[in-house]
Amino acid sequence: MEDMKPSVATSGGTDADAVEARFNALCKNGLSLDEKACSNAMKLFKETKHLLTSNVSSIGSGTLEEAERFWFSFVLYSLKQLSEKVGENTQQESDESGFSFCQILRATKLNIVDFFKELPQFVVKAGPVLRNMYGEDWETRLEGKEMQANFVYLSLLSNSYKRAFWELFLTSDANIDKQQNATSSPDYISECHRFGWLLFLALRVHAFSRFKDLVTCANGFVSILAILIIHVPVRFRNFKINDSPHFVKKGDKGVVDLLASLCNMYDASEDDLRKTMETANKLIEDILKKKPCPAAECKTETLENIDTDSLIYFEGLMEEKSLSSSLNILEKDYDDAICNKGDLDERVFVNDEDSLLGLGSFSGGAMNVTGIKRKFDSVASPTKSISSPLSPQRPPASHANGVLGPPNAKMAATPVSAAMTTAKWLRSVICPLPSKPSAELQRFLSSCDKDVTNDVICRAHIILEAIFPRNQVCSVTGSLQSVNLMDNIWMEQRRLEALKLYYRVLEAMCTAEAQILHAPNLTSLLTNERFHRCMLACSAELVLATHKTATMLFPTVLERTGITAFDLSKVIESFIRHEESLPRELRRHLNSLEERLLESMVWDKEPMPPLDAIATHVNFGSTPPVPSLQKHETSTGNAGSLISGQNGDVRSPMRPCTELRSVLVERNAFTSPVKDRLLALNNLKKAPLQSAFASPTRPNPGGGGETCAETGISIFFGKINKLAAVRINGMVERLQLSQQIRESVYSLFQKILNQRTSLFFNRHIDQIILCCFYVVAKIFQLRLTFKEIICNYRKQPQCKPQVFQSVFVDRSSARRNGRTGQDNVDIIAFYNEIFVPSIKPLLGELGSAGTTTRTSRVAEANNSNDGTCPGSPKVSPFPSLPDMSPKKVSATHNVYVSPLRTSKKKLNLGLCLLID
């Protein structure tokens, strides 16, 4: 290749036997595995070894030594997670040898951040092997995304806890010198800090449900702060309780209400905090064997000027002479709780193990920790978030340490504080609502051709039960285990929140729809099964996004409701528009979620299971029989149905597009809210919401003489083009290319979307964009290599390495390079093998000025399976985007640049477009 070849290890040092010997030595010497565990590990390694040797350059820094360490860790992690479980015990083979996730990382000299950065590539490459060895559910059992999310949330929580603790208790060097026992003070304070974190972990292990969402855990660490304030000697405080701008809430006695003040600082629920305090006090009593005493009966300096009603005090809890013993007890309790699990050892956050935690940040793409921008699926940095070029800018923190803000007593903006603020909205705005349709909503439901109130209520309960199922696992005594009871309580609370939000937004949508149609009869909309499931899924996703659980990550709501990404994309903008009170963080979450759907997920296609099948699956016990819900105008639910298949036809999305002239099955009536500022880009057509789920041949209720199919394909393609325009513009600015090149890349992208739509199936739009950049660079004879394009793409906020490391190809219909079947290849192999042969006929219209608007001549396209979709938008000039420049180009100096227009160059279609 010209500039970026997949690496194939061929040197003598990469001898297969030598690699196996190094892996075997790691298992035996580094982790002390027994023979059985070593044998199982070696079996998995041998099955995936060929993938290591063919992908060395794309793993880590690209060196063989580092690639081996990553691969060894992935194999061992997979073995740990996927080994067969026996009875109630976890992985038998691996746990007999007692190696943990952290031990794997120490043995391979990797940190957690780097491990999760590279794991997605292993999952893609080794997926078929893992499926053959461990079954179809291997990825669910692997729990890679869940463990990564758990790590990110714990990083956020530990940072918040550290900042709060040291703000409250850190004593300056000057003050230490003035105090007695000064030499022991720093050690004592550090032990207090560790005690607080270990007590917090005891709460997570013993009291919280297995979901351990961020909001519940934040209440937990606030309760720990309250316990520390009550028990740590006053001389170690960094504040005066009766003269602090932070402890401003007063009780009936005119003294500080400690819990109310902490809730005011952290936007916590006072009821939840008091319950968590009770649980924490019970753990102190049970685990540490400390005797509780009503604080009102205790006379101690730490309780002065504090309202002691309902508070509990433990005599001697934080005495220096007993603190070490308490730490040892908490350490042993945690060891016993996690000894048979492969989970992360959460004590690393107070062990100062920088080598294990890692100082880097996750690249974009795995999951969204702040609601601002995923990166998602990743992940922003554990301590900071990333945002796209169109993300609203976050205000600067009001306090340098990010915790105890200015005298207004509010904690400065952090991901944890944002989550708590959002939870406060859910608690104060949604929770007080009734859990049944309001009188106004019932009026709309009963105004349909048939009263659908019971149908709507029954469906809501079934779908939400599927999303938030009850845990029916019982203990040997026949009663639910305490952890299962906590799970069920958590699930029930989330179901109610989602149900209330669903009814609230549904009513607002019906009101707006009736005004548009000038009629209260909304039968077409309110009897549509897919619409209601989308609304319920969107409501549930917002509840999950509010609480930020690490175990129910998107696309869980899609899988459990039976809808597709394309289905969900049709209600997001409308959902945002009809819930005016929606917090900014949740709006951003939905915006970034739609961006994620549009960039890759909307091309998937699955059949929608009937409601009674879902009801049977969740064993909807005492609920009345499911009514026979009306099957009005339904449709298939993916973007592939825009260009192939008839209503209800379930085809593979990889089917060649031979039926482009068939009618559109779906329509989406709204402009894209990829980011709020995109709304002003174009004035896309608007139509009543019910047309989004109407029959494709039905006339658009919004008028204009178009069918829902024609309107739908135009608007959907418009969304894709807008997202592409934003990303193309970002790359043009980063590469400092001319506006002419920008126009040409955008024009080519539009042509591919309209006339080679099948290139998008099972792929990411960034893969198409990157290829468009290189082919345009070739045509215009720019000195721009694919390596440079990839290098600059890595700096884009949405970048995920797997975008250019693993591109889907399907050789089922043709034998290429002696290979057949489906595979994942690097982007250059995709470019040479698939992209260039497919798009060559489209290049004749890239006029010399690079601003193509003509679409009448592409004769070559008539000979292919693809053609222009009826109703698809015409190729248009690059849209007007918000001014994103000048850009800061130096991390240390205030240097800004704006891209300059270069001279126009003549088009040369005689070039060789392939990469050598």
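Worth knowing before you read on, the calculation uses all heavy atoms, side chains too, and leaves out hydrogens, waters and symmetry mates.
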Nearest heavy-atom neighbours spanning Gln442 and Pro437
NE2-O, 3.1 Å

Just how far is it from atom CG of Leu496 to atom OG of Ser435, taken to the nearest 0.5 Å?
6.0 Å

Donor-acceptor contact present, side-chain Asn150 to main-chain Glu146, <3.5 Å:
no

To the nearest 0.5 Å, how far apart are OG in Ser269 and CG in Leu426?
11.0 Å

Report yes or no: is the cationic atom of Arg494 (NZ for Lys, CZ for Arg) under 6.0 Å from the centre of the six-membered ring of Trp490, at an angle within 45° of the ring normal?
yes

In Å and rounded to the nearest 0.5 Å, what is the CG to CG distance from Leu464 to Leu536?
5.0 Å

Chi angles and distances behind the ring pair (Phe, Tyr, Trp, His ring centres under 6.0 Å) call for Phe808, Phe761:
CA-CA 9 Å; Phe808 178 85; Phe761 290 163; over 10 Å; no

Find the distance between OG (Ser592) and CZ (Arg588) and round it off to the nearest 0.5 Å.
10.0 Å

If only atom types and distance count, is the side chain of Asn132 paired as donor or acceptor with the main-chain N or O of Pro128 below 3.5 Å?
yes

Please name the pair of heavy atoms, one in Leu157 and one in Cys217, separated by the smallest distance, quoted to 0.1 Å.
CD1-CB, 3.4 Å

Salt bridge (Lys or Arg N to Asp or Glu O under 4.0 Å) contacts touching residues 531-547 (sequence neighbours left out):
Glu529-Arg533

Would you please test Leu558 and Met601 for side-chain contact (heavy atoms from CB on, under 4.5 Å) and show each step?
CA-CA 11 Å; Leu558 298 185; Met601 297 179 68; 4.2 Å; yes

Kindly say whether Thr140 contributes a backbone atom to a donor-acceptor pair with the side chain of Asp137 at under 3.5 angstrom?
no

Thr453 side chain to Leu445 backbone, donor-acceptor under 3.5 Å:
no

Do Val602 and Phe760 have side chains that get closer than 4.5 Å, going by heavy atoms?
no

Can a donor-acceptor pair be found between the side chains of Glu585 and Thr422 at a distance below 3.5 Å?
no

Would Arg427 and Glu497 count as a salt bridge (Lys or Arg N to Asp or Glu O under 4.0 Å) here? Give the steps.
CA-CA 9 Å; Arg427 186 170 65 245; Glu497 291 165 352; over 6 Å; no

Is any NZ, NE, NH1 or NH2 atom of the basic residue among Arg131 and Glu139 found under 4.0 Å from an Asp or Glu carboxylate oxygen of the other?
no

If you apply the rule side-chain contact (heavy atoms from CB on, under 4.5 Å), what do you find for Asn762 with Gln822, and how did you get there?
CA-CA 11 Å; Asn762 282 3; Gln822 297 180 348; 5.8 Å; no

With no hydrogens and no angle check, do the side chains of Asp267 and Thr421 hold a donor and an acceptor under 3.5 Å apart?
yes

dist Asp487:CG -> Phe468:CZ (nearest 0.5 Å) comes out at 13.5 Å

Heavy-atom donor-acceptor pair, Thr556 side chain to Leu553 backbone, under 3.5 Å
yes

For Pro520 versus Ala514, what's the shortest heavy-atom pair and its separation?
CA-CB, 4.3 Å

What is the minimum heavy-atom distance between Ala149 and Ala550, and which atoms define it?
CB-CB, 3.8 Å

Heavy-atom closest pair (Cys534 atom, Ile563 atom, distance to 0.1 Å) is CA-CD1, 3.8 Å

Side chain proximity check, Phe208 to Leu203, heavy atoms < 4.5 angstrom:
yes

If we only count heavy atoms from C-beta on, is the Leu142 to Tyr134 side-chain gap below 4.5 Å?
no

Sequence-distant partners of Thr279, side-chain hydrogen bond (donor to acceptor under 3.5 Å, both in side chains), two or more places apart:
none

Is the closest basic N to carboxylate O distance between Glu278 and Lys275 below 4.0 Å?
no

Do Asp213 and Thr216 have side-chain atoms, one donor and one acceptor, less than 3.5 Å apart?
yes

List the steps and the verdict of side-chain contact (heavy atoms from CB on, under 4.5 Å) for Arg763 and Ser600.
CA-CA 6 Å; Arg763 298 190 181 106; Ser600 63; over 6 Å; no

Least distance between heavy atoms, Gly220 atom then Thr276 atom:
CA-CG2, 3.8 Å

Non-hydrogen side-chain atoms of Phe554 and Leu597 separated by less than 4.5 Å
yes

Interatomic distance, CD1@Ile576 vs CG@Leu590, rounded to 0.5 Å, equals 4.5 Å

Verify side chain to side chain donor-acceptor pair (under 3.5 Å) between Glu507 and Ser438, making sure each step is shown before the conclusion.
CA-CA 8 Å; Glu507 178 185 336; Ser438 66; 2.5 Å; yes

Is there a side-chain contact between Arg504 and Lys500, using heavy atoms and a 4.5 Å cut-off?
no

Close side-chain approach of Glu513 and Phe444, heavy atoms under 4.5 Å
no

Quick one: does Phe116's side chain get under 4.5 Å of Lys145's, heavy atoms only?
no

Would you check if Leu598 and Phe716 make a side-chain contact, meaning some heavy-atom pair closer than 4.5 Å?
yes

Evaluate the criterion side-chain contact (heavy atoms from CB on, under 4.5 Å) for residue pair Cys510 and Leu526; output intermediate values, then yes/no.
CA-CA 9 Å; Cys510 288; Leu526 294 178; 3.7 Å; yes

With distance as the sole criterion, is a donor-acceptor pair present between the side chains of His764 and Gln802 under 3.5 Å?
no

Only one of Leu542, Thr546, Leu433 forms a side-chain contact (heavy atoms from CB on, under 4.5 Å) with Leu501, so which one is it?
Leu542

Flag for Glu579-Ser581: side-chain donor and acceptor within less than 3.5 Å:
yes

